[in-house]
Amino acid sequence: MADSQDRKWGMVVDIDRCTGCNGCVVACQSENNIPNNLEEHFNQRRAIQWIRIERYWEGEYPNVKARFIPVMCQQCGNAPCEPVCPVYATYHNEEGLNVQVYNRCIGTRFCANGCPYHVRFFNFWEPEWPESLKNQLNPDVTVRSRGIMEKCSFCVQRIRRSTREGERDEVQVEDGDRAISPACVNACPTTALTFGDFNNESSQVSMMKEEAMANRGKKEGRGYRLLDNLGTEANVIYLKKVDNSAGAVHGH
Amino acid sequence: MALNRRQFLTLMGGSAGAAVFFQACGIPEKELLIDSPIEMPEDLVTGIDNWYATSCRQCDTAEGIVVRVMEGRAKKIEGNVDYPINVGKHSPRCEAGVQGLYHPDRISSPLVRTGPRGSGEYREISWEDAIGRLTNELQNLEASGDQSQAVLVTNPIGGHLGLVADKFADVFGARRFTYEPLETSVVRKALSDVFGQNAMPDFDIDNSDYLLSFGADFLSTWASPTRYSRGYGEFRQGHDHRGKLVHIDSRFSATAANADEWIRVNPGTEGLFALAVIQSIVSKGHISDSVVNALTGGDSGWLSTYSPENVSEEIGVTPETILHVGEDFSHSNHALAIGGGSAAAHSNGYASVKAIFSLNHVADNVGKKGGVILNPDSPIGGLEAAPSGNSFAEFQRLTEDMQSGTVKVLMVRGADLFYGLPDTSGFKGRSANVPMIVSFGGMMDDTTSMADLILPEHHYLEDWGTDIPLAGVGYELVGFQQPVVRPFFEDRGDNLGTKGFGDVLLAIAQVMQMDLGLNADTFKEVIRESARELYALRRGSINAPTFEAFWNGVLQRGGWWDVNAKGPSSAEPDRLDGISSPVITGSGEFNLMPFASASLLDGRNASLPWMQAMPDPISTATWQTWVEMNHKVAEERGIKEGDVVTVSASGRSITALAMPNPATPPDAVSIPFGQGHRDGGRYSAGRGGNLMAILDAVHDETTGALAWAANRVSVTPTGEWVRVPKFENTVPDFPRDEHNHVIELTSEDAH
Amino acid sequence: MQEHTQLSQKQINDELLRDILTVPKWWLPAVVGLGILVATGLGAFSYMVYHGVGVTGLNRPVFWGFFIANFVFWIGISHAGIMISAILRLTQAEWRRPVTRAAEVMTVFSLIAALHTPLFHVGRPWRVLYWIFPYDFDRGIWPNIRSPFVWDPSAVGTYLIASSLFVFVCLLPDIAILRDRAKGLFVKRIYAFLCLGFRGTPRQWRLQTVAGILLSALVLPVFVSVHSIVSWDFAVLIGVEGWHSTIFAPYFIIGAIHSGVSAVAMLMALAVWLYKLDNYIKPDHFDAIARLLIVVATTWFFFFFLEWVYALYTLDSPEIALRELQAFQWPYGPLFAIFVILSFVIPVPIWLFKRFRRSAKIMFWTTILVNIGMWLERFLIIIPGLVRRTHMTFDWGTYHPSLVEILIVVETFAFVALGMLLFAKVLPLIPLFDVKEGMVFRHLIKVGRKTVPASIREGLPHHYYEKKH
Amino acid sequence: MATNSAGVEYEAVSEPYVETENSVDNRKDVSDRLLKIHNVTSNRFWQFAALTGLMFALGIIGFILKVASGFDDKDVWGYYVAVFAFLMTTTAAAPMVAIAPRIANAHWRRPISRAAELWTVAGCLNLVLYIPLIWLLPSLENGRRSLWFYGQQASKDQFWTGFESVPAYSPHIWATLAIVSLVVLGLALVWLSCLPDFAVLRDQGTGWRQKWGRRLSLGWIGTTRQWNWQYHRMGIVSAFYFMMLIFVHFFISVEFLMVHVPGWIDSLYPITHAHNALQAGVATMMLTIFCLRQFGGYKDYIGLDQFWGLGKLLLALSLLWFWFWFSSFNLFWYAKKPSELSLLELLISGPYKIMFIAEFLLVFIIPWFSMIWNPVRRSVWGPAVIAVSVLLGTLLDRIRLYVASWDAASRDFVSMLEMEMHEVPEKIVTPAIADIFLIVGFIGGSIFIFMLASRLIPVMNIWEQKEFLLYKAEAQYHRAKVLVLGKPR
């Protein structure tokens with residue numbers, strides 16, 4: 001990867017666009033060979049969703065609101081999960097991604113405790129598919145065995161593939177290319193998710209970040225990071241929801 | 001060597017106790033080899049992938065999709081960037097297509113029933129045999145001259161498949177029914193009256209700045225959710241002015257959750273609300289007289305009986321609410337009103353929806369930016385969008401015929417009658433009098449498992465097809481569906497495996513020497529032929545020197561469209577009538593607010609694990625049928641989350657899991673459709689409760705459609721408790737974010 | 001002092017070796033019973049390895065549970081040995097003598113018990129090799145030394161080796177005696193081999209003493225580091241509310257000493273009861289250890305108090321929510337109450353009374369209470385934090401241990417008990433030579449009308465031997 | 001060489017334990033000899049006293065200057081608080097050297113316990129120094145974080161909202177109570193332990209000493225009952241003094257340090273603060289007994305044993321210092337929370353870096369790596385030199401922490417409510433002339449007071465010395481004479 005050194009992948013999530021439709025969730029499941037979450041997995045609170053929609057309630061009937069926020073691995077620049085892994089199963093790659101090396105992982109689950117966003121998932125059981133459904137599995141993504149951690153990878157397999165094919169055909173993978181965007185980003189019907197390279201000033205995410213973080217705190221600057229006070233330097237920027245309901249009580 | 005290493009590692013692995021155990025039970029070798037992490041699996045070259053364009057059949061809007069195919073297997077579905085309806089976007093349901101394709105419980109060859117009906121005992125037969133048996137029956141009818149005793153029921157299918165089915169039916173003389181559990185006939189009729197169009201118009205949510213939606217959960221399930229969601233995204237942040245969404249509904253739906261204001265009205269009074277808004281606007285005179293006359297038929301006197309003051313009582317809101325909605329609506333530049341869903345599912349549904357859509361005439365946005373965009377007719381003669389389903393009333397009549405034995409052959413395709421028709425219709429019982437039920441289902445469902453003969457059809461990813469969108473995009477569009485993979489069961493040979501529905505009909509027609517007038521003997525040919533008509537037009541998205549080039553272009557881009565071939569730019573308002581108050585049956589203490597599950601819709605996707613496991617936007621519940629009720633009410637009744645409750649409406653009842661939340665109106669409970677299949681593969685059979693079954697037979701006055709939102713139910717705990725399978729974790733209260741630590745909000749004035 | 005009884009060396013040998021050379025009748029049933037428990041535990045472990053960690057009650061976000069709590073507990077217990085024998089040795093506390101051996105042996109066994117659980121709880125136990133050993137299996141990458149989980153095995157390992165050595169060095173003279181008294185050639189041979197030809201020459205004694213003192217001095221830093229590191233397994237994480245507290249290292253250590261020394265006191269009582277060692281373990285010893293316990297317990301409670309004060313001092317809503325959960329909400333509230341009462345409120349006031357301090361029975365029960373309390377303490381530090389009462393209320397979790405976990409935890413207890421029993425069967429649980437030395441050192445001084453126990457002062461500064469001007 | 005039955009070798013003691021020119025076992029002689037030393041006051045003493053008195057005068061000037069400068073801007077007061085804290089960690093902690101070994105029945109304490117207790121007299125200065133701080137202590141009304149949980153900014157649904165009834169000025173009240181009671185307890189302690197010696201002054205003393213001896217000895221005649229009471233009272237008062245000392249440090253470290261630095265949540269710090277005090281206290285005593293031995297004429301009584309004992313203590317304490325420091329530093333540095341990183345910058349890596357490094361050397365490196373050698377521990381000069389380094393280090397530590405945090409508190413970019421410092425003061429606060437006066441003056445002042453007090457109160461604990469004679473004996477062990485020490489229970 002010749003040019004990979006100076007890439008820093010990031011995402012911008014516009015909560016004001018998100019409708020909580022779970023499109024991203026299913027897209028992610030289908031792209032990343034996430035085992036089928038059966039009923040018992042939900043009941044054991046061991047369901048795996050690399051990206052999840054969190055729903056928060058505000059107020060009581062009739063002045064009630066449900067807020068949705070998609071939460072995936074924030075690919076922290078200063079990730080709490082990284083230093084604590086005893087076997088380097090999780091490390092920071094040269095493109096600013098927080099990658100999980102499945103075959104090194106022994107499942108101490110230290111990283112999962114370190115993660116303040118709870119986006120790391122553990123394979124408590126051996127993942128199983130009916131024989132015929134295995135035909136759907138994505139050959140670019142490892143099927144994780146039991147006993148190891150897994151988490152959102154920004155669909156690193158897509159980044160790799162498109163970069164590789166880009167090199168093969170001597171074309172630059174340009175910003176916002178669907179081939180390099182994660183499955184959730186391509187799926188999102190309302191374009192709430194935008195993916196790109198923060199190191200490239202002209203990329204859409206960079207400009208959105210610029211615009212959003214420029215005047216933080218003010219009304220027009222909607223950008224913020226999740227639990228920023230922990231100093232994780234997350235590479236996912238959230239754009240605040242705008243609440244213009246009559247008599248809105250929340251907000252700053 | 002391997003064994004040594006394995007012993008070495010296991011023994012050294014600190015778990016000598018278990019080592020012996022491994023030796024016995026055989027941990028797979030790969031488990032014990034430590035692979036090189038330098039080579040990330042993502043770095044491995046795994047072959048070349050191709051993306052094929054086709055159209056999705058998971059829901060009624062056939063979205064354009066591209067399917068990633070590697071080594072002859074479909075891997076991933078994404079939206080087709082070119083396709084006008086859902087430019088590159090897609091709904092969560094589309095993704096699950098691949099699971100349908102590779103579902104472990106697909107039927108891999110024609111079956112004939114050996115045991116009693118419903119026993120599920122079948123025997124494989126060859127296609128010749130199967131088609132032979134069906135044609136025999138049909139020929140007998142033909143011989144005895146009562147072809148009308150053959151009935152062909154399908155789901156709403158447009159395009160060429162619809163064409164073939166219709167032709168087959170009327171050439172043979174069979175009765176043709178179209179069935180959809182949650183009927184759109186009310187909305188379709190209302191639309192055609194208000195805008196003079198059979199197909200649904202396109203709603204330019206993108207450019208609108210004030211969106212008034214009545215009952216229609218358009219961000220999740222209603223009509224063309226993906227397209228509307230795309231618009232919604234732009235509507236929110238695409239322009240420098242953020243649009244305002246006001247949702248008027250008797251239930252807190254996903255759309256209500258995203259609305260800036262959710263105005264809760266009593267069930268069945270959405271239309272009244274709309275009418276009151278119209279009245280307030282008319283009385284204020286923010287509207288041209290011509291429109292007023294057109295709407296009121298000359299004298300606007302009768303309208304005043306629907307003034308906010310008069311109806312607010314019945315609607316259950318304050319007159320001020322209606323007035324300020326009227327104000328905002330009439331003062332915004334691009335106001336838009338859409339409605340349907342539960343608003344249409346009442347005895348006054350037709351009148352309500354008509355009033356709702358007439359608001360667009362009041363806003364005078366028909367054919368304008370940010371308004372209602374009308375669709376042109378289909379570019380190909382005879383090729384129509386899918387029709388709305390026959391009304392419930394008609395199906396009741398059909399069951400009576402079945403009772404009287406005038407239905408000999410019942411051919412069902414994609415319509416799960418046994419599941420969807422409420423018990424009041426008596427369909428289940430009366431089906432016993434039908435000598436032969438034929439199903440074309442590719443997978444067992446409640447109907448197919450009752451069939452005597454099963455002719456499994458292809459999955460849509462293996463089959464040809466075309467689509468004239470139900471909710472068009474304002475210009476001519478024909479979607480093309482092509483097989484992206486070879487039939488999964490082709491290894492079973494020509495005489496077993498699956499075949500396309502169209503092909504089977506054509507084959508039958510051939511055997512019976514019926515001329516369908518399609519001058520083609522395979523379904524693909526049919527499509528190719530009419531593609532020639534498109535080619536002949538010499539315009540639109542694909543201009544090619546030769547037909548082959550054109551054909552390839554069409555298949556590559558997943559369809560043909562002509563952005564210049566627009567629909568009419570205006571429509572005459574239709575006269576409005578008064579709206580009667582809704583008929584609500586049942587003696588229970590709660591209004592039953594059914595809703596189409598975001599993933600399972602009316603139940604058609606229940607067999608797919610991803611759909612089952614997809615959290616509901618509001619309750620985040622999965623895999624089950626749940627009852628949303630207000631948490632205060634639940635507390636009073638001592639019901640907590642996960643309590644198994646019996647929901648009974650006028651005699652019939654289902655059990656479901658209580659799911660209290662702060663948003664459900666105290667006087668209502670809402671339950672999703674989609675679960676409770678008797679049969680339907682390992683993932684859905686016998687799971688949850690079938691809400692359809694317990695609905696009472698209330699009809700829409702005009703169309704006779706089933707008013708599925710017009711029941712009152714009682715909820716009684718059974719005393720059992722099971723944990724609701726949901727992704728949301730266990731919390732004492734509902735997840736709240738009072739201090740806006742997680743979701744930060746900026747508060748801003750509406751205008 | 002009234003208990004001052006000079007025992008002849010023969011009597012000491014006879015009494016202390018009695019149960020080694022003969023089998024008491026309760027011994028076999030006890031061993032069998034414990035053996036069954038251990039076997040069950042290992043069975044449960046194998047079951048877990050075969051089916052996956054899914055058989056535990058762990059879930060998202062509660063990724064650690066009983067196992068880790070148990071791990072911390074046993075590490076805590078293991079601090080008793082060094083506390084008693086090293087620190088008291090360096091400070092020349094006479095009363096330590098009969099107790100040291102039991103404490104050190106318990107250290108060794110509880111360390112092994114502690115090492116069980118982290119191995120058991122990982123997702124793929126058959127791969128832990130390259131976690132624990134800094135040897136890279138030609139993968140070009142070494143273990144991540146930034147991780148406390150790499151510090152852990154090294155520290156605990158060192159501690160285990162050091163304390164085993166310590167035990168062995170202190171055993172040499174006694175094994176020699178066993179060699180001389182053992183009947184049966186084979187047994188003799190074994191003891192002969194084990195005692196490395198110890199014959200009690202002055203040089204051997206000098207070496208043995210020096211080795212003991214050196215080891216106890218050198219093991220002290222390890223002693224401190226082990227539990228600090230264990231505490232950092234939690235404290236380095238900002239992801240879990242309530243764990244990231246600077247006081248954790250000292251707090252864990254003082255807690256460890258609290259539970260460890262209590263465990264030793266319990267052992268002493270047991271020894272008196274099982275092996276009839278009233279001649280060696282006297283009320284005086286209980287008195288001394290109880291006074292030590294009072295100091296330790298109070299200090300520990302102060303640290304505990306500080307941890308809480310600072311949690312509340314942050315006024316951070318998740319922190320407050322966590323504390324509310326820990327102290328007031330089901331199921332942790334009641335457990336919390338029990339923990340505080342058992343590990344401090346009940347025992348310490350009791351120990352304040354000399355009468356109770358000097359009663360083996362009361363010391364036995366109070367110290368058992370303390371250890372129940374301290375196990376709960378570990379549980380209450382780990383789980384309530386992990387159920388994540390954070391701002392992301394959507395992910396608040398719960399945790400219920402499964403049978404497998406409980407069985408394995410029970411196994412660790414059974415294992416330590418079994419280990420002690422077996423040890424006591426083959427080697428003396430009370431150091432003969434140390435007791436004898438004590439007898440030699442012991443003197444009496446008459447002050448006015450009352451006699452005061454006194455002892456020969458060891459290691460006087462050398463300048464006493466210089467001739468002055 | 002002798003070998004006992006267990007085989008342990010023994011060197012015989014060739015001389016009696018207390019090394020005096022001509023060894024005595026007679027208790028009367030002990031008191032006579034000690035009184036003799038006590039009664040004479042050399043000129044050197046007066047010269048030194050005059051010097052310290054002069055320093056004290058400077059201190060008073062500095063004090064007045066400070067108070068005159070007003071209480072508004074905090075950064076001016078940084079050094080002042082530092083001096084206060086320093087005295088709290090030295091003079092107030094020194095008595096622990098008497099208390100702790102006494103509880104542990106360590107005989108080596110006997111010659112130095114009185115000197116240790118005597119330092120409490122200097123505690124009066126701390127009280128004086130504290131008074132202006134009452135006005136400087138921020139009240140709870142501006143919603144600052146505090147031990148007293150006056151949590152205006154805490155959300156209402158929290159279980160301890162009851163604490164909101166805490167008056168806004170509770171820190172002031174508690175602080176005053178704590179410090180006053182510490183000083184009172186200290187004075188009580190020294191008086192109690194002096195009772196028998198006052199009696200000796202009364203009986204054998206002359207002139208004004210005898211007069212004061214009569215007044216202060218409270219009719220001590222040494223009955224058994226009086227002795228029992230004596231032991232009990234001393235036990236109780238010492239215990240209370242210890243607890244109060246810990247509390248005061250807990251208190252100071254929070255109310256005078258942490259509240260001023262947003263995001264400084266360091267639950268270990270009170271322990272560290274108290275521990276620094278113990279360390280400095282030991283150092284103070286080392287220096288004290290060094291002076292007493294070299295210049296005070298107590299050479300015969302303050303043997304190497306005392307230096308050895310203190311040396312071992314200091315060795316352990318300096319190791320502990322590192323451990324405590326590392327425990328918190330490691331967590332702050334590892335977790336990389338912005339609030340904590342800025343804290344590290346303020347206190348360690350920022351403008352005060354040099355100070356920190358110096359302190360690290362003086363308080364940990366030097367003591368640890370020198371004291372680790374027995375020869376150094378067992379010498380007279382070694383401990384004395386190291387004591388100086390430790391005291392210097394402690395002074396630096398106090399200046400670094402207090403000046404830095406009070407400086408931070410005075411900045412406008414820091415509000416009491418915040419949990420994080422967004423900026424860190426970029427340069428060190430230079431001491432004003434008044435500050436230097438204060439530092440020099442009040443350190444000198446404490447010594448001055450100590451010296452004056454030592455004229456009336458014997459710095460050598462006569463009765464404990466005498467008592468010791470009872471508890472030691474020489475025993476014949478085989479061919480050797482060995483020392484036997486009694487440990488009363």
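Naming: A, B, ... by sequence-line order, numbering from 1 per chain. These numbers were taken from a predicted model, which means no experiment stands behind them.
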Under 6.0 Å from the CZ atom of D:F242, do we count more than 12 heavy atoms belonging to anything else shown?
-> no
Given a strict heavy-atom distance threshold of 4.5 Å, which part of D:L320 is in contact with chain C: side chain, backbone, both, or neither?
-> neither
Where on D:W333 is there a heavy atom nearer than 4.5 Å to chain C: the side chain, the backbone, both, or neither?
-> neither
CD1 (D:I372) with more than 12 external heavy atoms under 6.0 Å = yes
Can you find a heavy atom in the side chain of D:P270 that is under 4.5 Å from one in the side chain of C:L306?
-> yes
Heavy-atom side-chain contact between D:V259 and C:Y313 under 4.5 Å | yes
Under 6.0 Å from the CH2 atom of D:W227, do we count more than 12 heavy atoms belonging to anything else shown?
-> yes
Quick one: what part of C:F248 sits under 4.5 Å from any heavy atom of chain D, side chain, backbone, both or neither?
-> neither
Measure D:N374 against the heavy atoms of chain C and call it side chain, backbone, both or neither at under 4.5 Å.
-> neither
Is it the side chain or the backbone of D:F324 that comes within 4.5 Å of chain C heavy atoms, both, or neither?
-> side chain
Checking C:Y251 against chain D: side chain, backbone, both or neither under 4.5 Å from a heavy atom?
-> neither
Report yes if the side chains of C:T246 and D:Y269 come closer than 4.5 Å at any heavy-atom pair, otherwise no.
-> no
For D:F240, does the CZ atom have more than 12 heavy-atom neighbours from other residues, nucleotides or ligands under 6.0 Å away?
-> no
Taking every non-hydrogen atom, the tightest pair across D:S267 and C:I247 = OG-N, 3.1 Å
Tabulate, in ascending numerical order, the residues of residues 228-238 of chain C having at least one heavy atom closer than 4.5 Å to a heavy atom of chain D, or enter 'none'.
-> C:S228, C:W232, C:A235, C:V236, C:I238
Could you tell me which non-hydrogen atom of D:Y334 sits nearest to which non-hydrogen atom of C:S147, and how far apart they are?
-> OH-CA, 3.9 Å
Which pair of heavy atoms, one from C:Y310 and one from D:D266, lies closest together, and at what distance?
-> CE2-O, 3.9 Å
So which part of C:I253 gets closer than 4.5 Å to some heavy atom of chain D, the side chain, the backbone, both or neither?
-> side chain
Using the side-chain contact (heavy atoms from CB on, under 4.5 Å) rule, pick out the option among D:L268, D:T272, D:I271 that qualifies with C:P250.
-> D:L268
Which one of C:E307, C:R146, C:H244 has the most heavy-atom pairs closer than 4.5 Å to chain D?
-> C:H244
